[in-house]
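This report refers to the structure that appears directly beneath it.
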Number of protein chains: 2
Amino acid sequence: MAELDNLKKASAHAGPLPPKGSIPNISVDNLIFGLENGSLKVLLIRHNIDGKRKPWALPGGWIHFDEDLRDAAKRILHLHTGVEGVYLEQLKTFGKVDRLPFGRVATVAYYALVSTEKCPLIANDDRPDAMWCDIHDVPNLAYDHNEILDFGLKFLRHKIRHEPIGFNLLPEKFTLLELQDLYEAILDCTLDKPNFRRKMLKMKLLESCNEKQTGVAHRAANLYRFDAEAFEKLSSQGFSFEF
Amino acid sequence: MAELDNLKKASAHAGPLPPKGSIPNISVDNLIFGLENGSLKVLLIRHNIDGKRKPWALPGGWIHFDEDLRDAAKRILHLHTGVEGVYLEQLKTFGKVDRLPFGRVATVAYYALVSTEKCPLIANDDRPDAMWCDIHDVPNLAYDHNEILDFGLKFLRHKIRHEPIGFNLLPEKFTLLELQDLYEAILDCTLDKPNFRRKMLKMKLLESCNEKQTGVAHRAANLYRFDAEAFEKLSSQGFSFEF
DNA sequence: TACTCTTTTGGTCAAAATGACAATAAGCTT
DNA sequence: AAGCTTATTGTCATTTTGACCAAAAGAGTA
């Protein structure tokens, strides 16, 4: 049968194989951005196989036959790092012929923005090493994962100016200064505080919590939360977020 | 061998099979937008198999083992429609478990914007029917192709406001009114002529051809071309296209 | 309590951008 | 030459932006 030839070719590799029940030739990889003390991090893992440490990599793996792509990404992220409850968005599919040394595999990259404090990396004997790595100190990663990261970072910088996604990097309640620090960290620039505040508030996307920051040795700032409902409403009226 | 089980599962379908030399479980589909008389079109094809007409669909197909994703999309587009020389950008990968009635296939969707006059649909005995279909009159398409189209259309509307991609829908030399009509067609709104002109010219992305429009029964407008070089330069300085 | 320190928050002001619209210029047709 | 249509330029009030100043609020300390 002709198909069998193709199938053999598909699995003709000397590296990690897709386990039983998973689709050959496709994988998912997760690019998880986090914010910690005002600097941007990315979540990396390192497999230990037969006592040998593999290079750092994005957490990724194979897709089950009966599983949607995003579900697979979510499962694998949790499996490798213990991170749960993040909303994954598709970034791009990377499919160069030679991106892996074994066989032909296209990988669907997903990304998410989280606040690292809400995402503890829960170690476990079955799990690889995991770390939040500062975006400026990323080592050589496995396969084409540096390329995926570079693409994702550019994407993030563009996207944060045109869509209100930055809020995902912060805890639910945040101060305007925390939000501003986030923009400065991602865009790598400095912004004027009063002007930032004015522009952000005028969009009417922030709802005051009527609560103050605590534990600071100076005037406490007001806390806000992102008003997703207001955003939906405005969007449907043709509003377009800009920063 | 365990892998062979997976491989069989991968090809256990009763529908179109990936031919020998192609990757199972992944395909590409092309979403080609065109502009004709100020209205937005999309390129559709209809296969004839054993004299039976299949439903209209986006032009797509299987990827060769030794072929990059975009190359596959390009080859297949040409194969089915005769359209050549368009720049395809990746849109998104669609991979729901049940998106096809046979087997599990994720499809990487590519899109392009072209001026229809530059893209004649070259018929050929081996080719399916092909047409430029008005965006308002799209019929029920095969599989999840309507979903792909809807996603692509939303994507286009957002993107055209934030990146200078609209120029691809026009011939190399165009008038400001043609450009404005394009924006109005895609965004489905009306714009003020002098203001549109002012804003567009201020961005310094248009280079005058020092030529006039011909064949019109009134004052001929000046022709412009998109200055990609200027755009690159500005972009690298942090400039961000907005409309 | 009074004073200091730090950060939030509320302003001002000139410059630039926008939206609405009037007016002029250019080129074809009759 | 007159009329028609569209291109192009210009005006003006309003809004938004960028730079910067200053008052208000707490927390800690003398």
Side-chain angles (χ1 to χ4, degrees), chain A residues 37-38 160-162 164 167 170-171 173-185 187-226 234 237-243, chain B residues 37-38 160-162 164 167 170-171 173-185 187-226 234 237-243:
Chain A
N37 325 326
I160 201 172
R161 298 189 52 178
H162 303 296
F167 307 99
L170 296 174
K173 302 173 181 185
F174 51 84
T175 70
L176 284 171
L177 187 57
E178 285 170 333
L179 185 60
Q180 181 179 343
D181 285 345
L182 179 160
Y183 270 79
E184 293 184 344
L187 297 178
D188 202 18
C189 65
T190 67
L191 300 166
D192 179 85
K193 215 189 304 189
N195 291 342
F196 179 87
R197 164 192 208 76
R198 177 175 55 183
K199 184 160 179 181
M200 207 40 104
L201 288 177
K202 196 166 38 192
M203 290 196 228
K204 304 275 186 196
L205 294 176
L206 297 188
E207 182 188 16
S208 170
C209 303
N210 297 314
E211 269 179 74
K212 301 260 170 233
Q213 196 179 25
T214 59
V216 286
H218 58 267
R219 177 175 181 181
N222 192 16
L223 293 173
Y224 293 86
R225 71 166 60 85
F226 176 62
L234 287 170
Q237 294 165 17
F239 165 85
S240 173
F241 182 91
E242 302 291 342
F243 204 91
Chain B
N37 325 325
I160 201 173
R161 298 189 50 179
H162 304 294
F167 307 100
L170 296 173
K173 300 173 180 185
F174 52 85
T175 70
L176 284 171
L177 187 57
E178 285 169 332
L179 185 61
Q180 181 178 343
D181 285 345
L182 179 160
Y183 270 79
E184 293 183 344
L187 297 178
D188 201 20
C189 64
T190 68
L191 300 165
D192 179 86
K193 216 191 301 189
N195 291 344
F196 179 88
R197 164 195 207 74
R198 177 176 52 184
K199 185 161 180 181
M200 206 41 105
L201 289 177
K202 197 166 36 191
M203 290 197 232
K204 305 274 186 197
L205 294 176
L206 298 187
E207 183 188 16
S208 169
C209 303
N210 297 313
E211 271 178 70
K212 301 256 172 240
Q213 197 180 22
T214 58
V216 288
H218 57 267
R219 176 174 180 183
N222 193 15
L223 292 172
Y224 292 87
R225 72 166 59 86
F226 175 64
L234 287 171
Q237 293 165 15
F239 165 84
S240 172
F241 181 90
E242 302 290 341
F243 205 89

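Chain A is the first sequence line, chain B the second, and so forth, proteins listed ahead of strands; every chain is numbered from 1.
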Within the pair Lys193(A) and dT9(C), is there a side-chain N or O less than 4.0 Å away from OP1 or OP2? no
Is there a side-chain contact between Lys202(A) and the phosphate of dT17(D), meaning an N or O under 4.0 Å from OP1 or OP2? yes
Atom-to-atom span, [atom1] of [X] to [atom2] of [N] - whole angstrom:
| X | N | atom1 | atom2 | result |
| --- | --- | --- | --- | --- |
| Phe196(A) | dA19(D) | CZ | P | 15 Å |
| Leu201(A) | dT16(D) | CG | C1' | 15 Å |
| Asp181(A) | dT7(C) | CG | P | 11 Å |
| Gln213(B) | dT5(D) | CD | C1' | 12 Å |
| Leu179(A) | dT8(C) | CG | P | 13 Å |
| Met200(B) | dT9(D) | CE | P | 16 Å |
| Glu242(B) | dA16(C) | CD | C1' | 16 Å |
| Leu191(B) | dT18(C) | CG | P | 13 Å |

All heavy atoms of His218(B) vs all of Gln213(B), minimum pair found to be NE2-OE1, 4.5 Å
Which residue lies more 5' along DNA chain D, comparing His218(A) with Tyr224(B) via nearest heavy atoms: Tyr224(B)
Starting at the 5' end of DNA chain D, which residue's closest nucleotide do you reach first, Arg219(A) or Arg197(B)? Arg197(B)
Closer to the 5' end of DNA chain C via nearest nucleotide, is it Asp192(A) or Ala220(A)? Ala220(A)
Report which part of the nucleic acid Lys199(A) touches: base, sugar-phosphate, or nothing (heavy-atom distance under 4.0 Å, all strands). sugar-phosphate
Answer with base, sugar-phosphate or nothing: what part of the nucleic acid does Leu177(A) contact at a heavy-atom distance below 4.0 Å? sugar-phosphate
Between dA20(C) and Asn195(B), counting only base atoms on the nucleotide and side-chain atoms on the residue, is there a donor-acceptor pair under 3.5 Å? yes
With a 3.5 Å cut-off and heavy atoms only, can you find an N or O donor on one side and an acceptor on the other between the side chain of Arg198(B) and the base of dG10(D)? no
In terms of ring plane angle, is the pair Phe167(B) and Phe226(B) parallel, tilted or perpendicular, where the classes change at 30° and 60°? parallel
Please tell me if the side chains of [X] and [Y] come closer than 4.5 Å, counting only heavy atoms from C-beta onward.
| X | Y | result |
| --- | --- | --- |
| Ile160(A) | Tyr183(A) | yes |
| Glu184(A) | Phe196(A) | no |
| Leu205(B) | Phe241(B) | yes |

